[in-house]
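Note sheet for the following structure.
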Amino acid sequence: MKIIFGLIAISFVIAIGFLISFFWAVKSGQYDDDYTPSVRMLFDDELINNKNNKTE
Amino acid sequence: MSEILNSNNNTQNTDVKCFHCGTPCNEIDIVVEEKHFCCNGCQLVYEILNQNDLCNYYDLESNPGYSLKGKRKNQYAYLDNENIKDQLIDFENDDIIKISFPLPSIHCSSCIWLLENLYKLNTGIQQSRINFTKKEGYFILDKKTISLRELVEILDSIGYPPAINFGSLDEKEQPQKLSKTFSYQIAIAGFAFGNIMMLSFPEYLGLEKGNFKQIFSYIMVVLSLPVIFYSAKDYFLSAWTGIKEKYLNIDFPISLGIITLFLRSLFEIFFLQEAGYLDSLAGLVFFLLIGKWFQQKTYHQLSFDRDYKSYFPIATNVIRDEKEIPTPLNKLVVGNLIIVKHQELIPADGILTKGKALVDYSFVTGEADPIEKNIGDKIFAGGRQLGKNIELTVNKNVTNSYLTQLWNNDSFKDSDSQLSKFADKVGRIFTGFILSVAILSLFYWVPKDLSIAINVFTSVLIIACPCAVALTIPFTYGNIVRLFGLNQFYLKNTNVIEDMQEIDHIIFDKTGTITDTSNTQISFNGKMTKIQKNMVLSITNQSTHPKSREISLYLNEFEILEIDKVEEIVGLGITGKIGNHNIKIGSAKFLDQRHSDNKGVFVAINDEILGVFTFQHQYRKDFITIVEQLKKKYTLSILSGDNDSEKQYLEQYFDHLLFNQSPQDKLDYVQNLQENGKKVMMIGDGLNDAGALQKSDAGIVITENINNFTPACKGIISANKFGKIPDYLTFSNKSVNLIIAAYILAAIYNIIGLSFAVQGLLSPVVAAILMPLSSITIAAFGVFSSNIVGKRYL
């Protein structure tokens, strides 16, 4: 049964890691705008496609 | 360069849509490179983008642009003024400028793409980032290649004019910081909740007592400290404020429950070597914060707090030594000579010194017809000059003008609290009930066993912590606000739903609220031949006066003839010559029809009166149906700033009608009703309703375009949903039943919990199951029940 205590301790450490990374994400502004990046990430691809079409 | 192949007036192309903005090209159809445009503005934007290889804009979405028809180019000379610049810029050093401003025209992914690729238009724009939900743009400029004014002019030229107004001079608010703190609070509570539960596993499973268990308990205490002192601090503060004002709000029993939980847990852990209730404590705080987050759905792109400052321009042109100097509005002083150009807003009260003024006050006073003023007349701020350039001497500061002094009224100083009145009322009854149960059971147990007595007393306070009660309103009303938002009715916060439930008197504004200013009905009384109609159209087509434009539109199927002479007399009419015919179009006064009180536009050819055009603002489509529906339940009034020409017609629908009302009159009327115990809803649209909207219990603004200026209010409704107002009111009235049902559910949980507690049987496991279970079911009930009821009414 002692293994449970060990596992709890490990998962606790991992959880702290996640909490810190969440804080870092909020601080760096990742949650300020939750819509635009989803659109923005599609743009570059389309641009490249277009250029390819033109050169063909 | 592209070439204009064909530019004519034809009406056949009804199904041709503007390549840029999607407006049907009925009146004008400009064809460039086989692409159709509805106006020169749209075509110009296309050409700019085409030259700079930015036509991807049109591939991402079809017809992504905003119509530029009738849009006037804005003047941005004032952006060279250092004083104004400093107040707008976020950051500046020797090389770069960082600036952000609202760009209300952003509406699709093409907009994001174009604006983030602005560097292709001008290399001086080092970076541009768009926040779509807030409709804001952030720009970094290279100072050596581009000025702020040039950036703004580029944005304006491609159809994204930034919203720079008098309000931009105020300190920028920082709501972001607040929402970040809130995210941290939730994260910590959630983290503590999960981990404390995990650390409690040995306890839940009933494992043997060991060293680990004791260490785990201490870790739990450490984890719970930030929950108490950081995540939950707002509840303590709010409860404390309530106590100071001798008022028990819903946060009081919550705080009491949290503190009891915490102290009893500490006692058990340190003195009895038991597990305590820290898992329930963290869970409780976590669920409460989630509820708060759910309730705080905000519409970033809308503002419910605008005052006249967002309507007024940021600067105006002052004439000094015969030169026009752009001056920020807050630097304008009495005695300044200012120039107001065609279509510009009059920024301050003044006396007309040069030119003829034709001022459209429909937005600020509700008068439907433009007013003409002559030299020496007083002109009030807020109107839009429709005629040519005028000059006026300022005789009052901007903040003291006739219109803006309304904002000095006390009702604009009230800040409304976030706490629900209904929840507070229930909370108070609840607190009384719980305290008496706790004390009664204390008295019952003290003679028998002191430790059980204390155990029972604290258990009652813990289990009865009104978690479920506190979550009902956030989840139910939060979801209703969301449902309304999907139906283009945007509420400032959840309290507005409660305010709407109490309403018994509804006041409507007339111009722009129950009438549709964009839709005027014209009729012609008299007789004209086809040739005469051609002549009238040819003359009116020369004028930019709104009535001339309406007539041109009305006659648009006729032909435009060659004109020999045309002259417009401001405030009277227009006269012209075609061949040997003299055409006169204008007011009764202009055509010497003194005996006539007709306010329409008369037409005479060769001094023979042919007839008169009459204009009537169209009432909104569902006007009669909704008034008849509302009449059954509410008292209805009309408060109009306009004259009483339509009184007779409206009298059959409304109980009270008042015309020629000033903004102050409207405010006083609402105040008077409230003093007589009425709960008033004001439905308006313009600045003239601002006082009444603010004073009323629920001020709702109706707007054609959500991006337009709207005065401060509790809710904004899109004009095309005007006919749904009775349904929206019924829905918010019904929603109170959902709250009561959820409270009954919460009461059942509390009775079960209390029955454990008063017997002294409350164990950490029971608490750990019962509390999250009740929170989750209440939240789910609130969301699902409002969705089901919402389907019926929305």
Side-chain angles (χ1 to χ4, degrees), chain A, chain B residues 53-57 59-61 106 108-117 120 129-138 175-177 179-188 190-192 194-202 205 207-208 210-213 215-216 219-220 223 226 300-301:
Chain A
M1 264 336 228
K2 285 223 161 126
I3 190 71
I4 289 184
F5 296 111
L7 287 173
I8 286 175
I10 292 168
S11 64
F12 184 58
V13 173
I14 294 171
I16 287 179
F18 278 112
L19 183 70
I20 291 168
S21 59
F22 176 76
F23 272 40
W24 170 69
V26 171
K27 200 165 189 180
S28 67
Q30 286 191 28
Y31 290 89
D32 292 352
D33 184 2
D34 50 10
Y35 178 78
T36 327
S38 69
V39 179
R40 191 181 289 137
M41 68 174 281
L42 301 170
F43 290 154
D44 287 333
D45 294 338
E46 281 184 50
L47 253 186
I48 292 160
N49 281 345
N50 259 25
K51 273 177 191 161
N52 287 348
N53 291 344
K54 273 177 196 169
T55 45
E56 268 163 23
Chain B
D53 208 14
L54 283 168
C55 278
N56 229 343
Y57 182 58
D59 300 337
L60 291 167
E61 307 241 347
I106 294 177
C108 66
S109 47
S110 277
C111 304
I112 303 173
W113 182 82
L114 176 63
L115 291 167
E116 295 201 339
N117 283 287
K120 291 182 182 166
R129 297 286 268 184
I130 299 305
N131 185 328
F132 185 82
T133 33
K134 288 184 187 156
K135 300 200 176 190
E136 269 184 348
Y138 308 93
Q176 270 182 19
K177 218 172 189 174
S179 76
K180 275 187 184 171
T181 311
F182 191 55
S183 307
Y184 294 148
Q185 284 178 333
I186 293 186
I188 285 181
F191 171 80
N195 283 290
I196 293 175
M197 271 204 134
M198 195 175 62
L199 293 168
S200 306
F201 252 119
L205 299 175
L207 299 181
E208 80 281 8
N211 291 337
F212 275 123
K213 225 172 122 180
I215 294 169
F216 281 180
I219 298 175
M220 284 194 247
L223 281 173
H300 288 297
Q301 74 276 26

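Bear in mind the structure is a predicted one, so any value in this text is a computation, not a measurement. A, B, ... follow the sequence lines: proteins, then strands. Residue 1 opens every chain.
Contact of A:Val39 with chain B is made through the side chain alone, with heavy-atom distances under 4.5 Å.
Judged as a ring-ring contact (aromatic ring centres under 6.0 Å, His included), and not counting sequence neighbours, the contacts of B:Tyr184 are A:Phe23. Residues passing the ring-ring contact (aromatic ring centres under 6.0 Å, His included) test with A:Tyr35 are B:Phe132, sequence neighbours excluded.
The structure places CG of B:Leu223 at 7.5 Å from CD1 of A:Ile16, a figure rounded to the nearest 0.5 Å.
When atom types are taken as modelled, the side chain of A:Arg40 and the backbone of B:Arg129 share no donor-acceptor pair closer than 3.5 angstrom.
When every heavy atom of B:Thr133 is checked against every heavy atom of A:Thr36, the shortest pair comes out as N-OG1, 4.5 Å. Across all their heavy atoms, B:Ser183 and A:Phe22 have their closest contact at O-CE2, 3.8 Å. The minimum heavy-atom distance linking B:Lys180 with A:Lys27 is given by the pair NZ-O, 3.5 Å.
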